[in-house]
Amino acid sequence: MNNTKENKMCLFFASDYHFEMITLPYIEKELEKNKEIVVLTDEDLEPTVEVLVSKITIPEEKKEKILSINWKNEDKLKMEYVKNTKKETTVFIKGKKNYVTEMRNNISKYIEEKNLKCIDCYDVNEISENIEEIASNYDSVLKTMGEVML
């Protein structure tokens with residue numbers, strides 16, 4: 001069991017492409033550290049990720065690693081993986097506020113016992129009037145230029 005307090009991180013996005021543009025540099029760094037990436041999402045992101053990755057200038061090997069992440073909305077499969085993994089894993093929970101809350105509640109029991117880092121990703125179009133209130137529950141925000149402490 002991990003004795004350190006979880007650093008709660010969030011992200012605010014305006015579209016699927018925006019979410020991907022914010023997360024891809026972070027994901028690339030996490031993959032370099034041999035961490036697993038899980039994207040819990042209320043939408044299938046595979047088509048937009050494929051378009052975005054085809055337009056960025058990074059080595060093909062890195063593109064393949066990014067595209068090998070399951071970008072579909074297959075929560076049961078992904079939750080089973082999180083439950084059983086022994087690897088260091090970064091979990092993005094992307095969607096509407098209710099979805100993020102529900103998935104966070106489902107995964108919270110594993111954060112303590114496993115080496116998980118969760119990043120809650122909110123649709124700014126839905127929560128625009130509550131951004132400051134939501135952000136106040138977190139230690140940092142993931143932005144295009146990286147993690148920013150609050």
Trainee: Does a side-chain N-to-carboxylate-O contact under 4.0 Å join D16 and K94?
Mentor: yes
Trainee: One pair to check against salt bridge (Lys or Arg N to Asp or Glu O under 4.0 Å): D120 and R104. What are the steps and the verdict?
Mentor: CA-CA 8 Å; D120 298 342; R104 177 54 104 132; 3.1 Å; yes
Trainee: Could you walk me through whether I127 and E133 pass the side-chain contact (heavy atoms from CB on, under 4.5 Å) check?
Mentor: CA-CA 10 Å; I127 54 98; E133 178 187 334; over 6 Å; no
Trainee: For D139, is there an ion pair with K8 - N to carboxylate O distance below 4.0 angstrom?
Mentor: no
Trainee: Check the hydrophobic clustering (I, L, V, M, F, W, Y; side-chain heavy atoms under 4.5 Å; chains of links allowed) and say if M9 and Y138 are grouped together.
Mentor: no
Trainee: In plain terms, say whether K72 and E46 are close enough for a salt bridge, that is, a side-chain N and a carboxylate O under 4.0 Å apart.
Mentor: yes
Trainee: Heavy-atom distance under 4.5 Å between the side chains of I37 and I66, does that happen here?
Mentor: no
Trainee: Are the side chains of Y122 and L11 in touch, meaning some heavy atoms are under 4.5 Å apart?
Mentor: no
Trainee: Counting N and O atoms only, with roles assigned by atom type, does the side chain of K83 sit under 3.5 Å from a partner on the main chain of Y110, one being a donor and the other an acceptor?
Mentor: no
Trainee: Step by step, work out the side-chain contact (heavy atoms from CB on, under 4.5 Å) result for C118 and I107.
Mentor: CA-CA 9 Å; C118 290; I107 210 167; 3.9 Å; yes
Trainee: Can you see which heavy atom on K87 is nearest to which on T85, and at what distance?
Mentor: N-OG1, 3.1 Å
Trainee: How long is the straight-line distance from NZ of K35 back to CG of L31, given to the nearest 0.5 Å?
Mentor: 10.5 Å
Trainee: Please round to the nearest 0.5 Å and tell me the distance separating atom CG of L24 and atom CD1 of I58.
Mentor: 7.5 Å
Trainee: Answer whether the closest heavy-atom distance between the side chains of V141 and E147 falls below 4.5 Å.
Mentor: no
Trainee: What verdict does the side-chain contact (heavy atoms from CB on, under 4.5 Å) test give for N70 and V39, after you've listed the backbone C-alpha separation in whole Å, the side-chain angles of each residue and the deciding distance to 0.1 Å?
Mentor: CA-CA 7 Å; N70 183 345; V39 181; over 6 Å; no
Trainee: Does the side-chain contact (heavy atoms from CB on, under 4.5 Å) test come out yes or no for I119 and V91, once each step is laid out?
Mentor: CA-CA 6 Å; I119 303 171; V91 180; over 6 Å; no
Trainee: Between atom NE2 of H18 and atom OG1 of T23, what is the distance when rounded to the nearest 0.5 Å?
Mentor: 10.0 Å
Trainee: Say you draw a straight line from NZ of K78 to CD1 of I93; how long is it, rounded to the nearest 0.5 Å?
Mentor: 11.5 Å
Trainee: Atom CD1 in I22, atom OH in Y26: separation rounded to 0.5 Å?
Mentor: 13.5 Å
Trainee: Will you find, in the side chains of T48 and E20, an N or O donor that is under 3.5 Å from an N or O acceptor?
Mentor: yes
Trainee: With sequence neighbours left out, write down each residue that passes side-chain contact (heavy atoms from CB on, under 4.5 Å) with D75, or none if nothing qualifies.
Mentor: L40, Y99, M103
Trainee: Give, for atom CG of N7 and atom OG of S140, the distance between the pair rounded to the nearest 0.5 Å.
Mentor: 4.0 Å
Trainee: For the residue pair E80 / N84, report whether a side-chain donor-acceptor contact shorter than 3.5 Å exists.
Mentor: yes
Trainee: When you group the ILVMFWY residues by side-chain heavy-atom contacts below 4.5 Å and let the links chain together, are F12 and Y17 in the same group?
Mentor: no
Trainee: Going only through I, L, V, M, F, W and Y residues with side-chain contacts under 4.5 Å, is there a path from W71 to V100?
Mentor: no
Trainee: Would you say the side chain of I131 lies within less than 4.5 Å of the side chain of V124, judging by non-hydrogen atoms?
Mentor: yes
Trainee: Measuring only between side-chain heavy atoms, which start at C-beta, is F92 closer than 4.5 Å to L142?
Mentor: yes
Trainee: Given side chains that start at C-beta, do those of I134 and K97 come closer than 4.5 Å, heavy atoms only?
Mentor: yes
Trainee: Please list all pairs passing the side-chain hydrogen bond (donor to acceptor under 3.5 Å, both in side chains) test where one or both residues lie in residues 60-69, with sequence neighbours left out.
Mentor: E28-K62, E32-K62
Trainee: The test is salt bridge (Lys or Arg N to Asp or Glu O under 4.0 Å); show your working for E126 and K96 and say whether it passes.
Mentor: CA-CA 7 Å; E126 178 200 17; K96 303 280 187 203; 5.3 Å; no
Trainee: Taking the side chain as every heavy atom from C-beta outward, state whether N106 and E102 have any pair of such atoms under 4.5 Å apart.
Mentor: yes
Trainee: With heavy-atom distances below 4.5 Å as the criterion, would you say the side chains of F13 and M21 are in contact?
Mentor: no
